[in-house]
Number of protein chains: 2
Amino acid sequence: MGASLKEIAERVGISAASVSIYLNNPDTNRVSAGTKDKIDKAAEELNYRRNLFASSLSRHVSKVIGIIIPTNIPLFQNVYTNMLLSGVQKCLAGEGYSLLFFPSSASTSKENVREQLRHSAGCDGYILFSTGFCPMDHILLNIRELQDTGKPFATLNVPKVPETINQVIIDDLESVRGLEFLLNAGHKKILMVLGRQHGEHMQLILSKYRLMLKEWGIPLDNDLVIFGNYSHEDTYLKVSRFLTSRRDITAICCMSDLMASSALAAVKSTGMTVPGDISIIGRNNSLYAVLADPPLTTIDLSISEAGFKAAQLLLDSLENPSISRNIILNGKLIERSSVNEN
Amino acid sequence: MGASLKEIAERVGISAASVSIYLNNPDTNRVSAGTKDKIDKAAEELNYRRNLFASSLSRHVSKVIGIIIPTNIPLFQNVYTNMLLSGVQKCLAGEGYSLLFFPSSASTSKENVREQLRHSAGCDGYILFSTGFCPMDHILLNIRELQDTGKPFATLNVPKVPETINQVIIDDLESVRGLEFLLNAGHKKILMVLGRQHGEHMQLILSKYRLMLKEWGIPLDNDLVIFGNYSHEDTYLKVSRFLTSRRDITAICCMSDLMASSALAAVKSTGMTVPGDISIIGRNNSLYAVLADPPLTTIDLSISEAGFKAAQLLLDSLENPSISRNIILNGKLIERSSVNEN
DNA sequence: TTAAAAAGGTTAAGCGTTTAACAGAGAGAG
DNA sequence: CTCTCTCTGTTAAACGCTTAACCTTTTTAA
């Protein structure tokens with residue numbers, strides 16, 4: 001198929017080595033100007049393009065980063081993950097790196113990562129994404145697998161990862177900053193709309209939640225916590241069902257803007273108003289929040305920035321594998337019009 | 001670093017070939033049961049994982065598909081592209097293929113694709129995405145580049161590609177089906193909110209638009225066409241500005257749900273109601289449409305299905321490079337509550 | 001005039017896997 | 001007792017590219 005260096009070399013009448021030398025460093029003085037022209041011409045005519053794999057094999061460097069997302073639900077459907085990816089890609093592409101996404105059919109995050117890594121040797125490094133619903137033992141196993149590759153890697157918002165590992169995390173306090181804001185605004189009966197119940201992330205958030213209620217002297221009411229799966233249908237259904245039985249809440253705190261938008265729709269469908277009757281706060285500062293009516297107060301988690309930084313961390317440790325860095329990103333509250341004082 | 005076959009072989013006391021043979025085909029009878037166990041043990045202990053690049057080089061097959069998106073604006077930020085990607089990935093991952101995204105710093109789509117392809121030899125095939133704002137000559141050049149690789153490829157919603165090329169397209173009529181629906185509902189003064197003005201896609205849509213107006217005997221009014229860049233801010237601004245000068249329209253037809261949501265916000269901000277004063281129709285059937293208030297009538301383009309099919313096409317032609325197929329997908333109208341009879 | 005340096009290459013080994021071809025030892029068939 | 005399988009391997013080349021080391025010939029400097 002594609003022409004090889006050797007074919008170019010033959011056509012020009014020189015050795016493949018010379019062609020390689022020139023193509024990899026056009027300014028070289030080990031190839032004469034005339035020969036350079038001939039190489040260019042031959043390469044053009046033969047449609048030469050360098051074989052990434054052969055080149056990587058020889059150089060021990062591939063300029064390819066493996067993206068490890070420990071789930072086999074379809075990729076590219078989740079705003080949160082997409083924003084992370086966007087940041088990662090922006091940084092990596094800027095430095096000339098390619099991104100590789102591996103297939104995996106395994107359904108548990110444990111097996112899934114193992115399978116993705118199985119045929120991955122050759123990448124220069126990896127970025128491990130958090131999916132939010134990995135239990136802690138799986139997380140630890142995933143990290144272990146990654147370490148075993150012997151390649152540098154960084155984790156992206158994976159909770160409770162040892163400090164010796166390159167990581168960027170979005171401070172967990174942020175998860176309840178929305179709650180804090182609502183409490184400050186005088187709300188006492190607040191419905192929490194969280195993500196998947198099992199998974200380390202949610203456990204952290206839950207404990208923060210309980211702690212904060214305690215600080216404010218508000219009694220725990222387990223009915224006021226809804227676990228969901230971040231989808232619209234699910235959230236709409238659960239919030240609607242909740243509202244048929246109880247109307248005493250004055251605010252809803254959601255773990256994503258999408259869920260906040262769904263909650264908003266559910267509230268509106270009962271005839272209640274936002275923020276008149278019920279205040280709503282989201283999280284992520286995604287487009288969903290700005291497009292909602294009323295626009296949603298939310299927490300900007302600088303998600304794509306987190307992705308960018310994780311990629312930076314990885315590239316750093318490609319240069320200097322011995323150092324490892326942790327970056328903690330803080331969210332900031334974006335006030336719009338979905339929250340009233342109570 | 002990562003252990004190699006040779007290291008396993010040494011530890012077990014056999015040749016690397018045997019290890020390879022066993023690992024690639026665990027049922028082989030060219031390795032004894034005892035040896036198999038030893039290999040497993042050694043592979044486990046040494047954290048062996050196969051080097052994708054070396055393996056691909058040797059086998060002439062990599063199980064890697066290159067994703068070519070002719071733009072260097074950050075990836076993973078556009079719902080439309082993400083939905084396409086999602087379908088592509090779902091199909092490819094299901095068949096054990098990895099996805100490779102190449103970097104490129106070039107800003108014109110022409111140079112951009114060339115650069116992405118430059119170091120790509122080794123992939124089994126490619127999928128070329130449409131960005132919607134490529135001019136025709138760039139498209140043709142891109143296709144040419146792809147052909148020059150000698151590898152199979154498929155194009156995904158790239159307009160006017162020769163029939164001999166694997167492609168899935170979303171029928172262009174769909175682009176104006178929203179318009180048709182509004183006309184049928186009795187609207188005559190319809191604001192069109194389109195995408196980028198230059199680019200083959202938009203030219204096609206424009207001509208369909210003009211044709212349809214002519215059929216309905218409605219005079220052309222160039223002020224009723226707004227070109228945008230698919231972003232919220234831009235759309236909101238342009239529609240708002242439009243509404244300050246003219247209020248005689250009864251409907252808005254948008255090329256994406258996001259733009260429709262932005263238009264909706266702009267309309268609401270003037271105090272007018274949807275669909276009371278102005279009807280709005282979107283396109284894509286994305287979450288934006290279902291979350292909007294009122295939920296938007298839209299055109300379901302089965303985008304992720306298009307991605308899936310393109311991947312299927314590619315895999316087919318990996319098996320049988322001689323055949324090529326075209327798939328045309330039709331959109332269907334999803335009626336919700338943003339359009340009134342006029 | 002001579003030594004050193006520059007110019008313009010070449011050779012050959014190596015990267016980690018795969019695979020066609022080969023081969024020795026034992027078992028079973030005739 | 002020989003022939004042919006079957007088992008269980010091994011060898012060596014190949015994939016396409018890179019790179020350290022080497023080699024002429026020509027130019028330059030002193």
Side-chain angles (χ1 to χ4, degrees), chain A residues 1-39 42-43 46-64 118-124 149-151, chain B residues 1-39 42-43 46-64 118-124 149-151:
Chain A
M1 300 288 115
S4 64
L5 281 187
K6 214 200 307 183
E7 291 170 61
I8 296 187
E10 274 167 16
R11 176 172 292 218
V12 177
I14 55 173
S15 73
S18 295
V19 182
S20 172
I21 289 167
Y22 165 57
L23 256 22
N24 282 306
N25 178 12
D27 295 330
T28 183
N29 57 3
R30 289 178 51 191
V31 175
S32 70
T35 308
K36 285 181 181 179
D37 287 348
K38 287 192 209 157
I39 295 177
L46 294 171
N47 282 310
Y48 173 76
R49 53 208 89 216
R50 176 220 251 149
N51 186 309
L52 168 68
F53 299 163
S55 167
S56 302
L57 192 55
S58 183
R59 304 180 141 196
H60 307 277
V61 163
S62 64
K63 289 241 159 194
V64 171
R118 172 153 273 128
H119 302 297
S120 72
C123 288
D124 291 349
T149 66
K151 298 286 184 179
Chain B
M1 301 280 113
S4 64
L5 281 186
K6 215 201 304 185
E7 290 171 61
I8 296 186
E10 273 167 17
R11 179 172 289 219
V12 177
I14 54 173
S15 73
S18 296
V19 182
S20 172
I21 290 166
Y22 165 57
L23 256 22
N24 281 306
N25 178 11
D27 295 331
T28 183
N29 57 4
R30 289 178 51 191
V31 175
S32 69
T35 307
K36 286 181 180 179
D37 287 348
K38 287 193 212 158
I39 294 178
L46 294 172
N47 283 309
Y48 173 77
R49 53 208 90 218
R50 175 221 252 148
N51 186 309
L52 168 67
F53 299 163
S55 168
S56 302
L57 191 56
S58 185
R59 298 177 155 216
H60 306 277
V61 163
S62 63
K63 289 242 157 193
V64 171
R118 170 153 275 128
H119 303 297
S120 72
C123 289
D124 292 349
T149 67
K151 298 285 183 179

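These numbers come from the heavy atoms of this one structure, side chains and all, not from hydrogens, waters or symmetry mates. Since the model is a prediction, treat every value here as computed from it, not as a measurement. Throughout, a chain's letter reflects where its sequence line sits, starting with A, and its residues are numbered from 1.
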K.L.:
For A:Leu52, enumerate each residue passing the side chain to side chain contact (heavy atoms under 4.5 Å, CB included) test, keeping only those at least two apart in sequence or located in another chain.
P.N.:
A:Ser56, A:Val64, B:Leu100
K.L.:
Could you tell me which residues satisfy side chain to side chain contact (heavy atoms under 4.5 Å, CB included) with A:Ser15, sequence neighbours excluded, listed by chain and number?
P.N.:
A:Ala17, A:Ser18
K.L.:
Using five base pairs at each end, measure the axis-to-axis angle across the helix from C:dT1-D:dA30 to C:dG30-D:dC1 and round it to 10 degrees.
P.N.:
40°
K.L.:
Name all residues meeting the side chain to side chain contact (heavy atoms under 4.5 Å, CB included) criterion together with A:Ala9; count only those two or more places apart in sequence or in a different chain, and write none if there are none.
P.N.:
A:Ala16, A:Val19
K.L.:
Sequence neighbours left out, what passes side chain to side chain contact (heavy atoms under 4.5 Å, CB included) with B:Ala54? Give chain and number order.
P.N.:
A:Leu57, B:Asn51
K.L.:
On DNA chain C, reading 5' to 3', which nucleotide is the first and which the last to sit with an atom under 4.0 Å from a heavy atom of chain A, could you check?
P.N.:
C:dA7 to C:dG16
K.L.:
Residues two or more places apart in sequence or in another chain: which of them pass side chain to side chain donor-acceptor pair (under 3.5 Å) with B:Ser120?
P.N.:
B:Tyr126
K.L.:
Who pairs with A:Asn24 by side chain to side chain donor-acceptor pair (under 3.5 Å), at least two apart in sequence or on another chain?
P.N.:
A:Ser20, A:Arg50, A:Arg59
K.L.:
Would you give a per-nucleotide map of nucleotides 14-29 of chain D, 5' to 3', where B means the base has a protein non-hydrogen atom under 4.0 Å away, S means only the sugar-phosphate does, and - means neither?
P.N.:
-BBBBB-B--------
K.L.:
Excluding sequence neighbours, so at least two apart, what forms salt bridge (charged side-chain N to carboxylate O under 4.0 Å, His left out) with A:Arg49?
P.N.:
B:Glu145
K.L.:
Just wondering, do A:Arg11 and A:Glu7 contact through their side chains at under 4.5 Å, heavy atoms?
P.N.:
no
K.L.:
Would you classify B:Ser15 as touching base, sugar-phosphate or nothing, given that sugar-phosphate means primed atoms plus P, OP1 and OP2, and contacts are heavy atoms under 4.0 Å?
P.N.:
base
K.L.:
For B:Thr28, which residues count as a side chain to side chain donor-acceptor pair (under 3.5 Å) partner, sequence neighbours excluded?
P.N.:
none
K.L.:
Which pairs, with at least one residue in residues 22-37 of chain A and sequence neighbours excluded, count as a salt bridge (Lys or Arg N to Asp or Glu O under 4.0 Å)?
P.N.:
none
